[in-house]
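This report concerns only the one structure given below.
Hydrogens, waters and symmetry mates are skipped; everything else that's a heavy atom, side chains included, is used. Whatever order the structure lists them in is the order used to number ligands and atoms, beginning at 1.
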Amino acid sequence: MILLKNSIELQKWITKQQIKGAKIGFVPTMGALHNGHISLIINSKSQNLLTICSIFVNPTQFNDPSDFEKYPQTIETDILSLEKAGTDLLFLPNLDQIYPTGTAHQPVYALGNLENLLEGRYRPGHFQGVCQVVSRLLDIVQPNKLFLGQKDFQQCMVIQKLLELKQSLTELVICPTLREASGLAMSSRNMRLSVEGRQKAALIYQVLSNIQSKLVSSSPIEQLIQEGKSILLNAGFEKIDYLELVSVQSLEHNPNWEPSIPSVLIIAVYLEGIRLIDNLPL
Ligand code: PAF
């Protein structure tokens with residue numbers, strides 16, 4: 001695996017490969033890699049794409065500075081896992097490579113209601129930061145395909161919107177959420193949970209699955225949502241930012257479940273001070 005830290009060198013390398021006919025698959029990450037990330041690499045490789053992964057913990061997407069400081073960093077094991085998965089190149093830029101003119105005057109993207117709902121509501125500015133870094137990475141890498149995990153459901157929608165705003169030819173490939181045997185969605189943040197916390201966090205997916213199994217066409221789902229919230233709070237989850245049934249197209253709240261309207265159950269909760277998200281498309 002080639003490791004580059006400089007964006008100009010990376011662009012030169014990519015141009016050489018494109019001249020030889022290579023198509024590029026790109027997996028942007030913030031490191032602390034788990035099997036969910038590795039499944040994105042494997043998906044890209046299986047499509048015969050020259051596969052580039054980036055690791056960059058982007059400060060502009062953290063609305064909470066302590067969350068940024070505590071973000072897990074496991075670069076040595078990340079490099080080993082990426083090599084094992086057959087990654088062709090790891091891009092490991094520093095702040096100056098991504099934001100050569102600083103972070104203060106970055107573009108603002110017209111994301112519409114997407115950035116006011118759910119994550120947008122609880123993490124103001126987060127999606128602007130995600131767009132700033134992904135836009136810059138796309139400009140550098142110019143991939144044919146961009147691979148993201150469905151665990152970050154709203155982020156996938158935001159980045160699809162970004163691709164439209166940029167009139168980009170890059171195709172977004174959304175890959176299924178990988179789960180632990182317990183059902184807990186794989187996430188870099190899980191590393192910060194205690195052993196007991198990790199066991200307890202499995203309740204998130206159990207609550208989503210339980211609501212799904214009890215859904216009856218046209219019936220109001222508020223009671224099921226309230227029951228789900230009580231189960232989590234009684235188990236020791238500290239806070240629930242949201243647990244909602246929303247439309248897959250608009251992310252707007254659906255008070256009743258209609259099987260004909262594609263919907264997703266979506267959740268953000270705090271356990272041991274760590275914010276965890278998950279979703280279950282219906
Ligand atoms: O999902 C992530 O890890 C990040 O939000 C991303 C897409 C790498 C941008 O920093």
Side-chain angles (χ1 to χ4, degrees), residues 7 10 24-41 43-44 51-65 67-75 77-78 81-82 85 87 89-95 97-99 103 106-107 109 111 114-115 118-120 122-141 143 145-163 165-166 168 170-178 185-192 266 268 274-279:
S7 55
L10 173 61
I24 310 285
F26 179 45
V27 180
T29 79
M30 300 206 295
L33 302 181
H34 49 73
N35 283 341
H37 294 113
I38 299 304
S39 75
L40 306 181
I41 303 282
N43 195 333
S44 170
T51 300
I52 299 179
C53 174
S54 65
I55 296 183
F56 176 68
V57 186
N58 172 38
T60 72
Q61 71 185 74
F62 287 85
N63 53 317
D64 173 359
D67 195 21
F68 174 59
E69 277 149 31
K70 287 187 202 145
Y71 203 82
Q73 307 234 17
T74 57
I75 190 66
T77 49
D78 289 352
S81 324
L82 289 171
T87 312
L89 187 143
L90 168 61
F91 180 43
L92 199 57
N94 65 13
L95 192 70
Q97 291 294 318
I98 297 295
Y99 299 114
T103 53
Q106 288 298 309
Y109 296 89
L111 300 174
L114 263 185
E115 69 172 330
L118 305 170
E119 287 299 280
Y122 288 93
R123 301 186 67 192
H126 167 65
F127 286 129
Q128 288 297 332
V130 169
C131 286
Q132 287 155 4
V133 72
V134 173
S135 176
R136 172 79 176 126
L137 289 166
L138 288 173
D139 290 345
I140 298 171
V141 179
K145 294 193 183 187
L146 170 68
F147 293 83
L148 294 175
Q150 196 176 37
K151 198 210 84 185
D152 298 300
F153 195 90
Q154 193 171 3
Q155 172 170 275
C156 292
M157 292 177 76
V158 164
I159 292 180
Q160 183 59 60
K161 176 83 182 168
L162 172 70
L163 292 170
L165 292 172
K166 285 172 75 70
S168 167
T170 300
E171 182 193 331
L172 176 59
V173 183
I174 300 174
C175 304
T177 303
L178 251 66
M186 290 187 188
S187 162
S188 305
R189 288 169 195 268
N190 295 350
M191 288 178 197
R192 290 174 51 204
I266 195 155
I274 298 155
R275 193 167 185 280
L276 301 168
I277 60 171
D278 199 355
N279 64 79

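- Using modelled atom types, one finds a donor on one side chain and an acceptor on the other under 3.5 Å when comparing Q128 with E115.
- At the shortest separation from atom 10 (O) of ligand 1 among protein heavy atoms lies Q61 OE1, 2.6 Å.
- From the protein, the heavy atom lying nearest to atom 5 (O) of ligand 1 is Q155 OE1, 2.7 Å.
- With D67 contributing its side chain and F62 its backbone, the two residues share no donor-acceptor pair below 3.5 Å.
- At the shortest separation from atom 3 (O) of ligand 1 among protein heavy atoms lies M30 CG, 3.7 Å.
- With respect to the salt-bridge test (charged N to carboxylate O, under 4.0 angstrom), the residues K70 and D64 do not qualify.
- Close approach to V133 involves these atoms of ligand 1, each under 4.0 Å from a residue heavy atom: 9 (C), 10 (O).
- Qualifying salt bridge (Lys or Arg N to Asp or Glu O under 4.0 Å) partners for K166, counting only residues two or more places apart in sequence or in other chains: D139.
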